[in-house]
Amino acid sequence: MSSFRNLRLDLGEPVATLTIDRPDKLNALDRATLLELGEAMELVREAEGVRGMIITGTGERAFAAGADIAELAALGPLEAVETSRLGQEVFSRVERSGKPVVAAVNGYALGGGCELALACHLRVAATTAKLGLPEVTLGVIPGYGGTVRLPRLIGRGRALELILTGEMIDAAEAHRIGLVNRLAEPGELLKEARRLLERIVANGPLAVGMAIESVHRGEGMEIDAALATEAHLFGVLAASDDMREGMSAFLEKRSPRFSGR
């Protein structure tokens, strides 16, 4: 168990769990918490026995109820740009992780909290969760990637409606529009997130990481360039021990024993 001030990181194998631990602030993401999140992602990347991670919040009230408004209110223009870039950089570490990251949304995921969930590869939400990007109600816009990731996930029209109204939606609606992958009762949330992640990490870790990379890189490319990237990564995997093991296991009708090499 690694020690942070605002987070709890359990580097369990094969699935690590990172918990935002500011219950008195509804797990709001202040600057210190963002910096710790960046450090935690590096620890997860370096942990050889960890193949995936769950991100959640302490308690049942909030996954992360946005940024720290008191902190943001004191920012000038240049400081605001720097703060936005910090949040974007940290959340990009989550999105670009070669180890799959699942958000277990246990309550309010608003503003920066919703943007953190969007940066995760998959999202499992408690049936009691609420999600939204209410920044326009405060006279600003989402600054940690929300205006970029939400349209790519649920489509431009639906994303603009959520961003421009600032309205919250419940977990059922989030699931209906594709913002959330799965729903679970609050007491089963972490179990469901773990079941999903364990199913993923049972597969070849190199293949999982390169599938994430192919999807992420391909989103910003023309289709021919994206297809070329996919072919390149496919070729790289053909040189791996994992590919040979996976193919041999299939032909021999046994379970594969992936090494990550």
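Every heavy atom of this structure was used, including side-chain atoms; hydrogens, water molecules and symmetry mates were not. It should be emphasised that the depicted structure is a prediction, and the values quoted were computed from it without experimental measurement.
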Let me see the working for E89 and R85 under salt bridge (charged side-chain N to carboxylate O under 4.0 Å, His left out), right down to the final yes or no.
CA-CA 6 Å; E89 192 274 331; R85 295 298 296 165; over 6 Å; no

Side chain to side chain contact (heavy atoms under 4.5 Å, CB included) evaluation trace for L197 with L122:
CA-CA 9 Å; L197 198 46; L122 298 169; over 6 Å; no

Heavy-atom check, side chain of V236 versus side chain of M210, under 4.5 Å
yes

Residues I212, S97; criterion side chain to side chain contact (heavy atoms under 4.5 Å, CB included); working and verdict
CA-CA 8 Å; I212 292 170; S97 169; over 6 Å; no

Got K99 and M53 here, is their nearest side-chain heavy-atom distance under 4.5 Å?
no

Ionic contact status for R22 with D68, cut-off 4.0 Å
yes

Flag side-chain contact, heavy atom, 4.5 Å: E82 against R31:
yes

Taking D241 for the side chain and G260 for the main chain, is one N or O donor matched with an acceptor at less than 3.5 Å?
no

Does atom CZ of R61 have more than 12 heavy-atom neighbours, drawn from other residues, nucleotides or ligands, at distances under 6.0 Å?
no

Side chain to side chain contact (heavy atoms under 4.5 Å, CB included) between R96 and M41, worked out:
CA-CA 10 Å; R96 294 172 184 167; M41 291 307 303; over 6 Å; no

Applying the 4.5 Å side-chain criterion to the ILVMFWY set and letting contacts propagate, would V215 and V101 be lumped into a single cluster?
no

Could you tell me whether the side chain of S84 and the main chain of A80 form a donor-acceptor pair under 3.5 Å?
no

Give the minimum heavy-atom separation between G132 and C114, together with the two atoms involved.
O-CB, 3.4 Å

Test salt bridge (charged side-chain N to carboxylate O under 4.0 Å, His left out) on E161 and R158; report intermediate values, then the result.
CA-CA 5 Å; E161 181 177 352; R158 283 174 171 158; over 6 Å; no

Do F63 and L116 come close enough that some side-chain heavy atom pair is under 4.5 Å?
yes

Within 6.0 Å of CD in E60, more than 12 heavy atoms from elsewhere:
no

Smallest separation among heavy atoms of L29 and A64, with atom names:
CG-CB, 4.1 Å

So, applying salt bridge (Lys or Arg N to Asp or Glu O under 4.0 Å) with E192, which one of R182, R199, R123 is it?
R182

Between the side chain of T19 and the main-chain N/O of D21, is any donor-acceptor distance below 3.5 Å?
no

Derivation and outcome, salt bridge (charged side-chain N to carboxylate O under 4.0 Å, His left out), residues E42 and R45:
CA-CA 5 Å; E42 185 63 19; R45 186 187 69 82; 2.5 Å; yes

From I69 CD1 over to D30 CG, what is the distance, rounded to the nearest 0.5 angstrom?
11.5 Å

Working to the nearest 0.5 Å, report the span between CG of L26 and OG1 of T58.
11.5 Å

pair V124-L196: side-chain heavy atoms closer than 4.5 Å:
yes

Enclosure of H216 NE2 (heavy-atom neighbours >12, cutoff 6.0 Å)
yes

Around atom CD1 of I223, are there more than 12 heavy atoms of other residues, nucleotides or ligands at under 6.0 Å?
no

Quick check on the hydrophobic clustering: are L179 and V102 connected, directly or via other members, by side-chain heavy-atom contacts under 4.5 Å?
no

With P142 as partner, the option from I163, V148, L162 fulfilling side chain to side chain contact (heavy atoms under 4.5 Å, CB included) is I163

Atom CD of E222 with >12 non-hydrogen neighbours under 6.0 angstrom
no

Quick check: closest heavy atoms across L183 and A171, and the distance to 0.1 Å?
CD2-O, 3.5 Å

Look at atom CE of M247 and say whether more than 12 heavy atoms of other residues, nucleotides or ligands are closer to it than 6.0 Å.
no

Is any side-chain heavy atom of P186 less than 4.5 Å from a side-chain heavy atom of N106?
no

So, are E245 and R254 salt-bridged, with charged N and O less than 4.0 Å apart?
yes

I20 side chain reached by N6 side chain, heavy atoms, under 4.5 Å:
no

If the test is salt bridge (Lys or Arg N to Asp or Glu O under 4.0 Å), which one of E95, E115, E219 qualifies with R149?
E95

Flag the pair L43 / F4 as yes when at least one side-chain heavy-atom distance between them is below 4.5 Å, and no otherwise.
yes

Can any side-chain N or O of T147 pair as donor or acceptor with the backbone N or O of G143 at less than 3.5 Å?
no

Neighbour count above 12 (heavy atom, 6.0 Å) for Y108 OH:
no

So does G76 get a backbone contact from the side chain of E79, meaning a donor-acceptor N/O pair under 3.5 Å?
yes

Residue pair R194, K191: steps toward the side chain to side chain contact (heavy atoms under 4.5 Å, CB included) verdict
CA-CA 5 Å; R194 180 173 287 273; K191 291 180 183 178; 5.8 Å; no

Give the cluster check for V208 versus L206: same hydrophobic cluster or not, with ILVMFWY residues linked at side-chain heavy-atom distances below 4.5 Å.
no

